[in-house]
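Just so it is clear: chains get the letters A, B, ... in the order the sequence lines come, proteins before strands, and each one is counted from 1.
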2 protein chains.
Amino acid sequence: MKKKITLKHIARELGVSISTVSKALKNSEEIGSDTKEKVQAFAKLYNYKPNNIAISLKNKRTKNIGVIIPDIVHHFFTTVFRGIEKYANAKGYNVIVCVSDESFDREVINMELLANGSIDGFIMALSAGTQLKNDYNHLKEVTEQGIPIVLFDRVTEDIKCDKVIINDKKGAYNAVTKFIKDGRKRIAMITTEDYFSVSRERAAGYREALSDNGIAYNEDLILKFPSMTIDEKVIEDFFNREKVDAVLSVNEIFAIHSMRLVQSKGLKIPEDISFIGFTDGLLSKYASPGLTAVAQHGEHMGEIAAEMLIEKVESELEEETYTTRVLEPTIIERGSTVN
Amino acid sequence: MKKKITLKHIARELGVSISTVSKALKNSEEIGSDTKEKVQAFAKLYNYKPNNIAISLKNKRTKNIGVIIPDIVHHFFTTVFRGIEKYANAKGYNVIVCVSDESFDREVINMELLANGSIDGFIMALSAGTQLKNDYNHLKEVTEQGIPIVLFDRVTEDIKCDKVIINDKKGAYNAVTKFIKDGRKRIAMITTEDYFSVSRERAAGYREALSDNGIAYNEDLILKFPSMTIDEKVIEDFFNREKVDAVLSVNEIFAIHSMRLVQSKGLKIPEDISFIGFTDGLLSKYASPGLTAVAQHGEHMGEIAAEMLIEKVESELEEETYTTRVLEPTIIERGSTVN
DNA sequence: GAAGGCGACTAAAACGTTTTCGGTAATATT
DNA sequence: AATATTACCGAAAACGTTTTAGTCGCCTTC
């Protein structure tokens, strides 16, 4: 086992000082060309690579980005992550991922762990627990220490930082408008409780589209789940009770479940009932019929988040200007709607 | 912006030495109880947290694990990752993820980047590019530096290290055996080229099950794709050409595509044709009918990989014993097969 | 021949810890 | 009273870099 070689080893071996070696490897003008050659040759021979940790300690810069997401086994988050990783890697940054598992406590613990020098900044989507608790002190503490944060998708007004979201309201608005143009009258919405910022926005878009088209808002057509987990029975009751001809779902899973249910009741999609779901994931693509989806462009979102964060990290000056980038959603039409 | 507080600050403020502070915070017996109280109170007040980087430099231990996977937007890998993250986190480790994007070069670059002090060990699944090139020198170099590696799922004989895989051969064997028990005669297999270790194993299981049941192996019933991407036309030609009553697919995507195709040709699943796919992911669960799947237990695999790695990292002694853990696959029965 | 400049290199501090080895004073032991 | 013990604390090295501030000898220059 050949141990890692350090500047000190090279210096001792070559009978020069550590600083000379350091400078020679950086091709500094200060060092004579023969010494430089000698050092560089030796370093190459022994495959010298500077120790990242030592450099981090010196520069107070780790070139690591901390990413905290509620769940990794979730298509949208992984696409965002891919965008982050791609951009960060190209800029020479590594990505440390922690999963909050939708829990406030785990989010806090993970942030505290990483905030002690391991990373230069955070990119995160708030956990359900955090949004429920509405407590953002852990974020505040981090920003007060001068560690920048970029929030994506699940954000909050309470924290001053850069954010990147999609225009969820518009996404819902456009989806509902499409339903109406297609002649649908009884448009249902399947969603989660309002403590998710995204659910609120989407609900707002839904209502606005109805009202703009002179359709009365009907509370009975809203099916709300308290969490991401689903209760078959509740869905079944809902569709038995209400007569609907279009469904906007806040995620894929709810939509797919509903589609299978109405199909089993003999309804035809999209003739009898249309579906549009948020998040253009695998399920939408491979459902039968394919589920028309509001694409959230996760990968692009991730790239932008990484770009914003690295920009902040690398800018020397401490401007206190924060921006929110709003991406436009697009509707990917598939077989679950008429076209 | 309150800057991070260090031992030095506390020492200066309290008029004691740095070592005293350090020891006081560790509740060392060497320090008088009043000094300890004073220091601890001060540290608590100013929310002192030791700098991870400095500790890493000192201990030559980062408490970081490097994970290198071919793709993050891939259900199996994310489940494995979840297992890794969960276990590692519980043990106080953080996880740095790099995505090789199935490319040999990116795998090499990422490993070199992380190997310079950023991590204590690697957990990885080989990229397609690496398996194709059959070049594992980057792994060798890392292990020679004393950095442990755990390979999962996509492994190679050429590297001496801990490994965790599922019994792919047995998974395929069981699936085909089930088909035969169900009375199927013309059993097709959809797979990728053989340079994936998993594809080879599964193909072997397929052949063995046929031969054990006295069914001749028929090359024409094997559909091979050169990569993970799919060509609709090729699938269509295949099913137009060959009459098959059961299909074993090496992944979900191939299976789902095929199911939709045969359904559009008017065949009934599972009456006319049965399907089993590897990787029990979202698609299998939500397809209609549901796709019977060979579950790979990704999360468990991740936990084991993390356990093995941390074990190696924390064991002082340098034993040169490497083990391979083989997990048993299970068949999750759904509507795509009769039962 | 003194002052200055330059080329080539080194010493040392700094980043923030941990830890070993002393050191000093007070107390206990003979 | 001399010595040993103990309690408490600090100095300094070490981890591997980078960088500032020299040092030293030699060559110009007036």
Q: Write down the distance between NZ (B:K4) and C1' (C:dG16), rounded to a whole number of angstrom.
A: 12 Å
Q | Whole-Å gap separating P (C:dC9) and CD1 (A:I31) | A | 6 Å
Q.
How would you summarise protein contacts on nucleotides 17-28 of chain C per nucleotide, using B for base, S for sugar-phosphate only and - for none, with heavy-atom distances below 4.0 Å?
A. BBBB--------
Q) Of A:S17 and A:K60, whose closest DNA chain C nucleotide lies nearer the 5' terminus? A) A:S17
Q: Quickly work out the B:K36 NZ to D:dA7 P distance and round it to whole Å.
A: 12 Å
Q.
Distance check needed: C:dA8 P versus A:L14 CG, whole Å only.
A. 17 Å
Q: Answer with yes or no after comparing the ring centroid distance for A:Y46 and A:F42 against a 6.0 Å cut-off, counting only values under it.
A: yes
Run the side-chain donor-acceptor check on residues 136-151 of chain B: report pairs under 3.5 Å with partners two or more places apart or on a different chain.
| unit_1 | atom_1 | unit_2 | atom_2 | d |
| --- | --- | --- | --- | --- |
| B:Y136 | OH | B:N134 | OD1 | 3.1 |
| B:N137 | ND2 | B:D135 | OD1 | 3.1 |
| B:H138 | NE2 | B:E107 | OE2 | 2.8 |
| B:T143 | OG1 | B:L139 | O | 3.2 |
| B:T143 | OG1 | B:K140 | O | 2.7 |

Q.
Do the side chains of B:K86 and B:E299 get close enough for a salt bridge, i.e. N-O under 4.0 angstrom?
A. yes
Q) Rounded to whole angstroms, how far apart are CG on B:L57 and P on C:dA14? A) 17 Å
Q. Does the distance from a Lys or Arg side-chain N to an Asp or Glu carboxylate O, for B:K163 and B:E157, drop under 4.0 Å?
A. no
**Q.** Carboxylate-amine/guanidinium proximity below 4.0 Å for B:K63 and B:D120
**A.** no
Q | A:L25 CG - D:dT18 P separation (whole Å) | A | 8 Å
Q: Determine whether more than 12 heavy atoms belonging to other residues, nucleotides or ligands lie under 6.0 Å from atom NZ of B:K44.
A: no
Q.
Taking any heavy-atom pair under 4.0 Å as a contact, classify B:T35: base, sugar-phosphate, or nothing.
A. sugar-phosphate
